[in-house]
There are 2 protein chains.
Amino acid sequence: MLKKKITLKHIARELEVSISTVSKALKNSEEISRETKEKIQAFAKLYNYKPNNIAISLKNKRTKNIGVVIPNIVHHFFTTVIRGVEKYANTKGYNVIVCLSDESFDKEVINVELLANGSIDGFIMSLSSGTQKENDYNHLKEITEQGIPLVLFDRITSEVECDKVIIDDALGAYLATKKLIEQGRKRIGIITTADYLSVSKSRTKGYLKALKEYGVNEDKELILKMPSMDVDGQLIQDFIKNSKVDAILTVNEIFSIYGMQVAQDLGFKIPEDISFIGFTDGLLSKYANPSLTSIAQHGERMGEISAEMLIQKIESEDEEETYQTKILEPTLIERNSTIN
Amino acid sequence: MLKKKITLKHIARELEVSISTVSKALKNSEEISRETKEKIQAFAKLYNYKPNNIAISLKNKRTKNIGVVIPNIVHHFFTTVIRGVEKYANTKGYNVIVCLSDESFDKEVINVELLANGSIDGFIMSLSSGTQKENDYNHLKEITEQGIPLVLFDRITSEVECDKVIIDDALGAYLATKKLIEQGRKRIGIITTADYLSVSKSRTKGYLKALKEYGVNEDKELILKMPSMDVDGQLIQDFIKNSKVDAILTVNEIFSIYGMQVAQDLGFKIPEDISFIGFTDGLLSKYANPSLTSIAQHGERMGEISAEMLIQKIESEDEEETYQTKILEPTLIERNSTIN
DNA sequence: ACAGCTTCCGAAAACGATTTCGTGTTAATA
DNA sequence: TATTAACACGAAATCGTTTTCGGAAGCTGT
C-alpha cells in the first residue's frame, strides 16, 4: 500500500544501468544515448521520481530555504512582511522557514543557532524586544562571521554589519505630527514604548522634531511610554484623562484603537475633541470606528525588498562585504480619526 | 575573516584521530577513553562545533521540520494557528516551514510537492478555496500514500484519509443563531460564501437548524452568499438596505465589521436596530466599535492540537492506519454588537 | 606462556544525489 | 591496416554524519 519514494538507486537497479547514468539521463545529458535517456526518463515519470531535496542540499551546500525570525505574528505588520518575503522567495524557488522569537532574547538565539546549522541559506530578521533590551548581538555576529547572509528589517541595530531595510520612522512621525499641528492641534501627545526599541525611539524623535520646528516646547506630560508592547489600559486611560491632549500619535495601531475607545467612553468626540494617528496601517486602522488615520509601513514591500536583497547576497559569487540600508518612505493615510 | 563551520573531519584531522572516534566522543560514547573524549570535547567546544542538520537529516531520514500550508496569512485565524503550531512544535524540537497557497489550487500543489521531497517530516494544512472548488485532492492522497503524516485543520475534506482538527462550525452557527432568536430577533440574515468552502457550508447548516428548531422558515432573501473571500461592499450594502434584517450572522469577522459600518452609515443603531455576530473572534472583533459578539474558533489551540497529532504520528513506530477527527467546541463571546 | 577478555579505536558502509575521470566499443581517418 | 576520435557508460569520490564490525593492544588467570 505504501508507495515509498523512489531513488536513483532503484531506477538504476531496475533498468540495469549505473546510478551515474540515471542521474545524467534525467538531466538530459549529452553523454547518454537517446534511447537510454528515453527509457530512463519514461521509467522515472512512471514512478513519479523526484530528487531528494536533502541529498541535493548536502551535496550543493545550499538548501533553497530562507529563515525568517520575527518577534511575533499577531502584529499585522509582521504578517504582511512574511507575505512579501514568501511572494518574492517563491518566484526564486526558495522556501520560507518561519520562527517566532516571541519577543524573547533566548528564543531568538535558539532559533538562529538551530537554523544556522545548515538548515537555511540566509536569514531575514526583525529583532525581538528582549534582544534590543539586552543589547546583545553575538548570535548575529556569529552568523555573519560564518558568511551566512543576513537582512535585518524594521527593528535593526547598528551593532551588526549587514543589509537592512527600514522605513523612515522619524519621518513618519514627523509627517503625522506636522499634519496634526497644521490642523490646529495644540496639545499633541504620543504613546510610545521604552526607548530600547529602535523604532519607538526614532518615532519619538520625529515627533519632537516637528514640534520644535513649529516652536512647540517638549512637554514630558504629553509623552506616555508603555512598559511593554502590550496594551496597559489603565495607563492609557489616565493619560487621556489627565494630560488634556487634543491629539495623540501612537507607535502602533493597537494603542490608537484602544485610546479611541477610552476617549469615546470618556465622552470625547473623535476627531473633534481628540484626533488620533497610529503607526502601521493594518486591518484595524481600516475597520476601526472611526477609521484610523495612520502611517503605512508598507510591510509587504519591505518583505519583498528584504528577500530580494538576501537572495541577491546568497546567489552572488563574490564575497564583497558591502552592505546597504534601504529606507522606505512611510505614507500618511488619512481617515476619520483626524479632520479631513 | 570568515570562520567557516567546522566539521567532524576537521576535528579528526587536527587531533589525529578518526572521524568515527570524534563522532563517538562527542556523543560521550563508552567506547572512547576518558582522556580522548575530554580532548575532543574541549576542542569541539573551543571551535564551537555544531553538527550539520542536513547531513543528519539525510542519515536519519528525518528532518525535524514540519510543513504548514495555509491559504493566507492575513486572516487572523490562520496566524493564531501558526502560533499554536510553533509553540508545540518547538517544545518537541521541530521547526515550522510556512507556505502560503494564496487560496490557489496550483500554488498549494506546488508547495506540497516541493516540501514532500524530503524537506519535512509531516504536513499541517488547511485547504485553499481553489482546492475546495476544484475538488481535487490527488496531491494530498499522494503524500499520504507515501506514508507522510498529514493533519488537516479547519478547511478539510472527507476525500482524504488523515487526522483532522476542526471546530464544530454548525454548532457555532447554531448557538449564535439561537442567541439571536432568544433575544427576540425576527429576521436573522446570514452572510456566507459559496458552498464549496466546507466551513461556510457547515455554518449555514447550523444557522438553518436553529431557525427550524424555533419554527422559523428558511428565507432565501436572508442568505447572502459572497462570491469570494473578499468583501464586496456593494453586495453587503444592498443586502442590509433591502432585506430588512434585524440581525446578521457572518462567517468571518470582516463581513461583520464591514456590515456594521454600512449599517451605521445607513442610520441603523447597533445593536438596537440590527445586531451582529461574526465568526473567528480576532483582533477586529475585540477592537471594533461597537465591539463584535463573535464565535471563537480557538485557532491557537487548534494549532497546538494539530501539531501534537502530527508529531505523534511522525514519531510513532507502528504504521497503524487509524485516523481521528478532533472537533473543538466553539465559544460564543458576547460583546456590544448584540444586546447584553 | 597462552587462551580469553577488556579497552580503545579505525575502516567502511550507508543516507541520495552530482560530477569527474577513466575505459571499452565503435566508427572515421590516414 | 593502424591510429584516433567520438560515443556511451560506469567507478568512485564527495557532501557530513552515524553506526556496525573488526582488530590491535594490554591485561587477567591458569
Side-chain angles (χ1 to χ4, degrees), chain A residues 4-41 43-44 47-65 114-121 146-148, chain B residues 4-41 43-44 47-65 114-121 146-148:
Chain A
K4 274 288 171 202
K5 280 244 167 245
I6 196 173
T7 70
L8 289 187
K9 195 195 281 189
H10 295 133
I11 302 182
R13 218 194 325 255
E14 210 65 28
L15 264 41
E16 295 181 308
V17 291
S18 75
I19 294 180
S20 351
T21 303
V22 178
S23 176
K24 290 170 193 163
L26 293 178
K27 317 207 90 158
N28 234 324
S29 160
E30 292 301 329
E31 255 184 285
I32 309 298
S33 72
R34 173 165 301 279
E35 41 182 356
T36 308
K37 280 197 287 192
E38 280 172 357
K39 184 178 62 176
I40 293 177
Q41 286 169 2
F43 189 91
Y47 286 93
N48 193 28
Y49 169 80
K50 296 276 169 53
N52 180 303
N53 291 331
I54 300 291
I56 292 181
S57 293
L58 181 58
K59 185 93 237 286
N60 298 347
K61 300 186 149 214
R62 308 181 69 257
T63 62
K64 283 273 182 177
N65 285 151
L114 215 82
L115 293 182
N117 294 320
S119 301
I120 49 92
D121 296 337
Q146 284 172 23
I148 301 177
Chain B
K4 273 289 170 200
K5 280 246 167 245
I6 196 174
T7 69
L8 290 185
K9 196 194 281 188
H10 295 133
I11 303 183
R13 214 188 334 248
E14 210 66 26
L15 264 41
E16 295 180 307
V17 292
S18 76
I19 295 181
S20 351
T21 303
V22 178
S23 176
K24 290 171 195 164
L26 293 178
K27 316 206 91 154
N28 234 326
S29 160
E30 292 300 330
E31 258 184 279
I32 309 297
S33 71
R34 173 167 300 280
E35 42 181 355
T36 308
K37 278 197 287 193
E38 280 172 357
K39 184 177 65 174
I40 293 177
Q41 286 169 2
F43 189 92
Y47 286 93
N48 192 29
Y49 169 80
K50 295 277 169 54
N52 180 304
N53 291 332
I54 300 291
I56 293 181
S57 293
L58 181 58
K59 186 95 236 287
N60 298 347
K61 299 184 148 216
R62 309 180 70 255
T63 62
K64 284 271 183 180
N65 287 152
L114 214 80
L115 292 182
N117 294 321
S119 301
I120 49 92
D121 296 338
Q146 283 172 24
I148 301 177

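So that the names make sense, note that chain A is the first sequence line, chain B the second, and so on, each numbered from 1. The basis for the numbers below is simple: all heavy atoms, side chains too, and nothing from hydrogens, waters or symmetry mates.
- With distances taken from any side-chain atom of B:K61 to the nucleotides D:dT17, C:dT19, C:dG16, the minimum falls on C:dG16.
- In terms of polar N and O atoms assigned as donor or acceptor, the side chain of A:T7 never comes within less than 3.5 Å of the base of C:dA17 in a complementary pairing.
- If you take OG1 on B:T63 and CD1 on B:I56, they are separated by 12.0 Å, rounding to the nearest 0.5 Å.
- Here the P atom of nucleotide D:dT18 and the CG atom of B:L8 are 6 Å apart, to the nearest Å.
- Rounding to whole angstrom units, NZ of residue A:K9 and C1' of C:dT18 are separated by 15 Å.
- A donor N or O paired with an acceptor N or O is not found under 3.5 Å between the base of D:dA8 and the side-chain atoms of A:S33.
- Straight-line distance from the CZ atom of B:R34 to the P atom of C:dT7: 13 Å, rounded to whole Å.
- If you take NZ of A:K37 and P of D:dA8, they are 9 Å apart, rounded to a whole angstrom.
- Here the CG atom belonging to B:L26 is positioned 10.5 Å from the OG1 atom belonging to B:T21, to the nearest 0.5 angstrom.
- Rounding to whole angstrom units, CD of residue A:E38 and P of D:dC9 are separated by 12 Å.
- Annotation: the span from B:E35 atom CD to B:I40 atom CD1 amounts to 11.0 Å, rounded to 0.5 Å.
- One cannot find a donor-acceptor pair under 3.5 Å joining the base of C:dC8 and the side-chain atoms of B:E31.
- For A:T36, a side-chain nitrogen or oxygen approaches OP1 or OP2 of D:dC9 to under 4.0 Å.
- To the nearest 0.5 Å, atom OG of residue B:S57 and atom CG of residue A:N52 are 9.5 Å apart.
- Atom CG of A:L15 and atom P of D:dG10 are 11 Å apart (whole Å).
- Between A:K27 atom NZ and D:dA8 atom C1' there is a gap of 19 Å when expressed in whole angstrom units.
- Note on B:S23: a side-chain N or O is less than 4.0 Å away from OP1 or OP2 of D:dT18.
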Please list, one pair per line, the donor and acceptor atoms closer than 3.5 Å that link side chains of residues 6-13 of chain B to other protein atoms, with sequence neighbours excluded.
residue: B:T7; atom: OG1; partner: B:K9; partner atom: N; Å: 3.2
residue: B:T7; atom: OG1; partner: B:H10; partner atom: N; Å: 3.4
residue: B:T7; atom: OG1; partner: B:H10; partner atom: ND1; Å: 3.3
residue: B:H10; atom: ND1; partner: B:T7; partner atom: N; Å: 3.0

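- Side-chain contact check for A:K5 versus B:N117: some heavy-atom pair is nearer than 4.5 Å.
- Evaluation of atom-type donor-acceptor distances gives a pair under 3.5 Å for the side chain of B:K24 against the base of C:dG10.
- At a non-hydrogen distance threshold of 4.0 Å, A:L58, A:K59 from residues 49-59 of chain A come into contact with DNA chain D.
- For the pair A:N60 CG and C:dA17 P, the computed distance is 12 Å after rounding to whole Å.
- Residue B:T21 places none of its side-chain N or O atoms closer than 4.0 Å to OP1 or OP2 of C:dC9.
- Rounding to the nearest 0.5 Å gives a distance of 9.0 Å between OG1 of B:T36 and CG of B:L15.
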